[in-house]
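Below is one structure; the comments refer to it alone.
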Number of protein chains: 2
Amino acid sequence: MSSAAPSAEPRNKTRESLKHHGVRLTRQRQILLDLIDNSGEHLDAERLFQLAKEKDPKLNRVTVYRTLKMLKESGLVDELDLMHQAGDQHFYETRLKQEHAHIICLRCGRVEEFFGEPLQKLRRQVESHFGFQIMLARTEIGGYCAHCQALRAQEMRDAAEQPALPPVRRKQL
Amino acid sequence: MSSAAPSAEPRNKTRESLKHHGVRLTRQRQILLDLIDNSGEHLDAERLFQLAKEKDPKLNRVTVYRTLKMLKESGLVDELDLMHQAGDQHFYETRLKQEHAHIICLRCGRVEEFFGEPLQKLRRQVESHFGFQIMLARTEIGGYCAHCQALRAQEMRDAAEQPALPPVRRKQL
DNA sequence: TTTACTGCAAAATTTTTGCAGGGGT
DNA sequence: ACCCCTGCAAAAATTTTGCAGTAAA
């Protein structure tokens, strides 16, 4: 058992899982899988498309959507909304990590991940309470990170000092 | 204090909150608020529009979107995705209820609500761990309800008996 | 060689925006 | 009377579908 190649492992795991489902590993899919597994950030379809195009300019946006749908249905990626902080797109991440909650700062947009035991406890309680068979779970928490709490307090103070500012027509400035 | 009119209470609470924000209570908004507070189900924008149109045929779809956005930003409603079980729409519910998780059956689409203490525990842990100020939280759990687990097992058995069924062209049947 | 997969074009779905007129407070 | 809010039309953003050709196994 090798424990020295943590970044190559997941990719193989994913690829084997796909083969088992009788899915072809095309060049396009390899590019997209690499990006989702290794980008380190939460990508939406459009951003994924832009990044993929850098590696293969012919790769089509439709292929991105089709691949994401397939990965989602195979249970290989999770689809997130991140509280719609950045808009109504969906974001994607591998399911190879342990289950975690996403903590989204509504001011700076930063996303933290939380792996505490309440998550497992919640699972267990829901399973026993409803006799439910859980396939996937998702927790998203929106609020203000330690850093932005201070900034926000300052912003509120500033706003209070010049209260009757007429609504700014930003488009026309 | 009256404890006999549970359905009228929340509406007033919502309306007062809106007044505080300097928001006008138009006929359209009253219709939409009533539907969201009292429908008992999770409505998406389109369904909300259809229901609202029954009460006022002139009410426009755009008004529904604008009202939902306003209510969301005022913190009066929560926006849910219900695991995208039914598609990519968003669903809405009042924030007058206690925080709860949504348990969605991926087969029959039924949505249950769970109010256990792990949710509060999760909140507290996230707040202390990250020094985070939580404004809103959302937990969605997808899987199979007790009823559908049995049905699904039967479906799997059935599928195993006639394995090579060619992909059905549903549109042409 | 088979047929799952891709790209392209076109459509469908969901949501936003500009503007003129109407209604709440 | 003020100006926030609505309806309408049009656009933008996001996702899906049909079909002919391409490439993985």
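Here is the naming used below: chain letters follow the sequence lines, and residue numbers restart at 1 for every chain.
The distance between atom CD of Glu73(A) and atom P of dT15(D), rounded to the nearest whole Å, is 14 Å. As a whole-Å value, the separation of Tyr92(A) OH from dT14(D) C1' is 10 Å. Whole-Å rounding puts the Ile31(B) CD1 to dG23(C) P distance at 14 Å. Between the P atom of dT13(C) and the CD atom of Gln50(B) lies a distance of 13 Å, rounded to the nearest Å. One can place CD of Gln30(A) at 15 Å from C1' of dA4(C), the figure rounded to the nearest angstrom. Between Lys72(A) atom NZ and dT14(D) atom P the separation is 15 Å, expressed in whole Å. Straight-line distance from the CD atom of Glu79(B) to the C1' atom of dT14(C): 12 Å, rounded to whole Å. The CG atom of Asp88(A) sits 13 Å away from the C1' atom of dA12(D) (whole-angstrom rounding).
Between Gln28(B) and dG7(D) there is a side-chain N or O to OP1 or OP2 distance below 4.0 Å. Checking the phosphate oxygens (OP1, OP2) of dC4(D), no side-chain nitrogen or oxygen of Thr26(B) falls inside 4.0 Å.
Put simply, the side chain of Asp44(A) gets close to the backbone of Arg47(A): a donor and an acceptor are under 3.5 Å apart. Gln149(B) places a side-chain N or O within donor-acceptor distance of the main-chain N or O of Gly131(A), the cut-off being under 3.5 Å.
Asp56(A) has a carboxylate O that lies under 4.0 Å from a charged side-chain N of Arg27(A), or vice versa, which qualifies the two as a salt bridge. Under a 4.0 Å N-O distance rule, the pair Lys55(B)/Asp34(B) does not qualify as a salt bridge.
Evaluation of the salt bridge (charged side-chain N to carboxylate O under 4.0 Å, His left out) rule for Lys53(B) yields no partner, not counting sequence neighbours. For His102(A), the ring-ring contact (aromatic ring centres under 6.0 Å, His included) partners are His42(A), His100(A), not counting sequence neighbours.
Under a 4.5 Å side-chain heavy-atom criterion applied to ILVMFWY residues, the cluster that includes Val62(B) comprises that residue alone.
Interface residues of residues 51-71 of chain B facing DNA chain C, ordered by number: Arg61(B), Val62(B), Tyr65(B), Arg66(B), Lys69(B); criterion, heavy-atom separation under 4.0 Å.
Scanning atom types as modelled, one donor and one acceptor separated by under 3.5 angstrom connect the side chain of Arg24(A) and the base of dA4(C).
The neighbour count for Arg95(A) CZ, taken as heavy atoms of other residues, nucleotides or ligands under 6.0 Å away, is above 12.
Residue contacts for Gln89(B): at a heavy-atom cut-off of 4.0 Å it reaches the sugar-phosphate backbone alone, with no base atom in range.
Each end of the helix from dT1(C)-dA25(D) to dT25(C)-dA1(D) gets its own rotation axis from five pairs of C1' atoms, and the angle between them is 50° to the nearest 10 degrees.
For residues 117-128 of chain B, the side-chain hydrogen bond (donor to acceptor under 3.5 Å, both in side chains) pairs, not counting sequence neighbours, are Glu99(B)-Arg123(B).
Comparing Ala45(B) and Arg29(A) by the nucleotide of DNA chain C whose heavy atom lies nearest to each, the residue mapping closer to the 5' end is Arg29(A).
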